[in-house]
Participant: 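Below is one structure. I have some questions about it.
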Amino acid sequence: MRHFGLSRLHLRHAVKTGLACSLAYLLSALLKSDYPVWAVVSTIVVMQRTSVAESLQASLLRFSGMALGAVIGVALSLVFTHPENIWSIAVILFGLNAAGAYFFQYGSRYMLASIAATIVLLVGHFQLHHSMGEAIIFGLTLIWEIALGVGIAIVVSALIWPVRMSDTLKRDLEHQFALVADHLTGIARAYAKDSTVATSSLRELVGKLLNNRARLTAAAQNERYLYNENYDDLEARVVTVNRTVTILRILLDVLNDTDRSGHPPLMAEEAEEAASHLALAITEFGRNGSVDSPGIKSQIDKAVAMSRVAMDELCREEEKPATDLHGVMRAHSFFRLYTQLGGFYTAQAMADLHEGLSNEW
């Protein structure tokens, strides 16, 4: 549901972010902290992510990076805290931030570390922390404030309208399987009409697949300690949609084969009907993530049986004189790929896939 261009998800996230920031400030102020800004800023950074998994990832990166930077900053501020050291501090700042920018390629925590070290060093310089105790207290306060802000962000993200990445991935996979079914029927329809389909038509679908693995890994690594989720089952869906799209791409290559003799496509009606059965099974699998449904098994059995009968007929057709051999091979490729595709959605295929994935997470 949307109002004024805003979705319910974004409205809820806005409320959660505002609440987390207010809590961070109130707790920091009640604890008489001199630097509540760091708790609030840390909360804002972590709450930029909508899902629980992303919030946990951001919190780990921010805390580890800023804590490391605070320690480095304390060490440097013990030496460079006097006004006459401005040139030395300028050189140190160059080194710190150049290193942070360079090592950013290995993770954002290094950039955060250089930022924290810069803050501690400059505050130490301007506030004239002449003693080791003052510098250490400031660094520890910074670390504590960051931990407070990060902790509040995690609690709010996980307990108030939590957005589980595993749930959003399931919904996206359902949509991807529906797109697969649409493309499959579209390719079969084009075959029956003896037309072609642009290879770029699959570009959007392929683009959607690219983030599935990263999101699955993030969910498994960060949400598994908070929620009960079968990540083997979720990965089986990710692998299955990838395999299915691979078959779609091969079907598209077969469809667009331009070496034609002018004969109409062989067994076009059978190709369309078998594809429709497969599409129904794929769509249902996308909704429930299981091949145990009688509807899925029935549709797969029909598609595979039709494909095998068609391939047998095509083999007999090949033996006849004046046969369009290219057309026979083209049609045979369609039905052979249908059979292979149907094999992905059987109980045995899923059992084999789960066996291979059982120890990964």
Side-chain angles (χ1 to χ4, degrees), residues 176-209 239-286 291 296-350 352-353:
Q176 290 168 22
F177 278 108
L179 286 177
V180 164
D182 289 342
H183 281 293
L184 178 61
T185 54
I187 290 172
R189 193 178 303 115
Y191 172 76
K193 295 179 178 180
D194 200 21
S195 60
T196 60
V197 175
T199 306
S200 59
S201 63
L202 291 179
R203 186 175 301 158
E204 179 185 357
L205 177 58
V206 172
K208 292 179 182 296
L209 304 183
V239 172
T240 301
V241 75
N242 286 345
R243 290 177 173 178
T244 303
V245 172
T246 298
I247 297 296
L248 280 185
R249 298 175 80 167
I250 300 173
L251 278 169
L252 202 56
D253 289 338
V254 174
L255 173 71
N256 293 334
D257 185 356
T258 57
D259 183 17
R260 301 177 185 176
S261 58
H263 296 284
L266 298 174
M267 308 193 76
E269 292 184 5
E270 291 84 348
E272 276 197 280
E273 186 175 353
S276 67
H277 288 304
L278 287 171
L280 289 172
I282 290 169
T283 301
E284 186 173 347
F285 177 80
V291 296
I296 292 180
K297 186 178 186 304
S298 173
Q299 298 295 341
I300 292 296
D301 288 345
K302 289 178 183 178
V304 171
M306 288 184 63
S307 298
R308 287 174 176 168
V309 170
M311 285 190 289
D312 289 340
E313 291 186 15
L314 287 167
C315 287
R316 289 192 291 271
E317 184 72 21
E318 186 178 2
E319 298 173 355
K320 297 179 181 180
T323 297
D324 175 19
L325 291 179
H326 181 268
V328 170
M329 295 302 297
R330 188 163 174 253
H332 193 278
S333 296
F334 257 80
F335 291 109
R336 178 176 55 81
L337 290 167
Y338 284 171
T339 303
Q340 186 176 351
L341 183 57
F344 295 157
Y345 295 88
T346 63
Q348 184 59 51
M350 286 295 160
D352 294 341
L353 184 55

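Since we're looking at a predicted model, the values are computed, not measured.
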Participant: Check whether any side-chain heavy atom of E313 lies under 4.5 Å from a side-chain heavy atom of F335, and answer yes or no.
Facilitator: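 E313 vs F335: side chains apart.
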Participant: Output side-chain donor-acceptor pairs under 3.5 Å for residues 301-308, partner residues at least two apart or in another chain, one line each.
Facilitator:
from: D301; atom 1: OD2; to: K297; atom 2: NZ; distance (Å): 2.9
from: S307; atom 1: OG; to: A303; atom 2: O; distance (Å): 2.8

Participant: Scan the side chains in residues 267-278 for donor-acceptor partners under 3.5 Å anywhere in the protein, sequence neighbours excluded, and list what turns up.
Facilitator:
from: S276; atom 1: OG; to: E273; atom 2: O; distance (Å): 2.5
from: H277; atom 1: ND1; to: Q299; atom 2: OE1; distance (Å): 2.6

Participant: How long is the straight-line distance from CG of L202 back to NZ of K208, given to the nearest 0.5 Å?
Facilitator: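 Answer for the NZ-CG pair, K208 versus L202, is 13.0 Å.
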Participant: About how many Å separate CE of M329 and CG of L266, when rounded to the nearest 0.5 Å?
Facilitator: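 It comes to 12.0 Å.
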Participant: Shortest non-hydrogen contact from L255 to S195?
Facilitator: CD1-O, 3.4 Å
Participant: Can you find a heavy atom in the side chain of L251 that is under 4.5 Å from one in the side chain of Y338?
Facilitator: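 Sidechains of Y338 and L251: in contact.
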Participant: Could you pull out every donor-acceptor pair under 3.5 Å between side chains of residues 177-187 and any protein atom, sequence neighbours left out?
Facilitator:
from: T185; atom 1: OG1; to: A181; atom 2: O; distance (Å): 3.2
from: T185; atom 1: OG1; to: D182; atom 2: O; distance (Å): 2.9

Participant: Not counting sequence neighbours, which residues clear side chain to side chain donor-acceptor pair (under 3.5 Å) with E204? List them please.
Facilitator: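 None.
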Participant: Walk me through whether L248 and L205 qualify under side chain to side chain contact (heavy atoms under 4.5 Å, CB included).
Facilitator: CA-CA 11 Å; L248 280 185; L205 177 58; 4.3 Å; yes
Participant: Does A349 offer a backbone N or O that forms a donor-acceptor pair with the side chain of T346 under 3.5 Å?
Facilitator: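 Yes: the side chain of T346 pairs with the backbone of A349.
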Participant: Which residue pairs satisfy the side chain to side chain donor-acceptor pair (under 3.5 Å) criterion with at least one member in residues 241-250, sequence neighbours excluded?
Facilitator: T244-Y345
Participant: Please round to the nearest 0.5 Å and tell me the distance separating atom CG of L252 and atom CD1 of I247.
Facilitator: 12.5 Å
Participant: Quick check: does any side chain N or O of N256 sit under 3.5 Å from a backbone N or O of V197, one acting as donor and the other as acceptor?
Facilitator: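 Side chain of N256 to backbone of V197: a pair is present.
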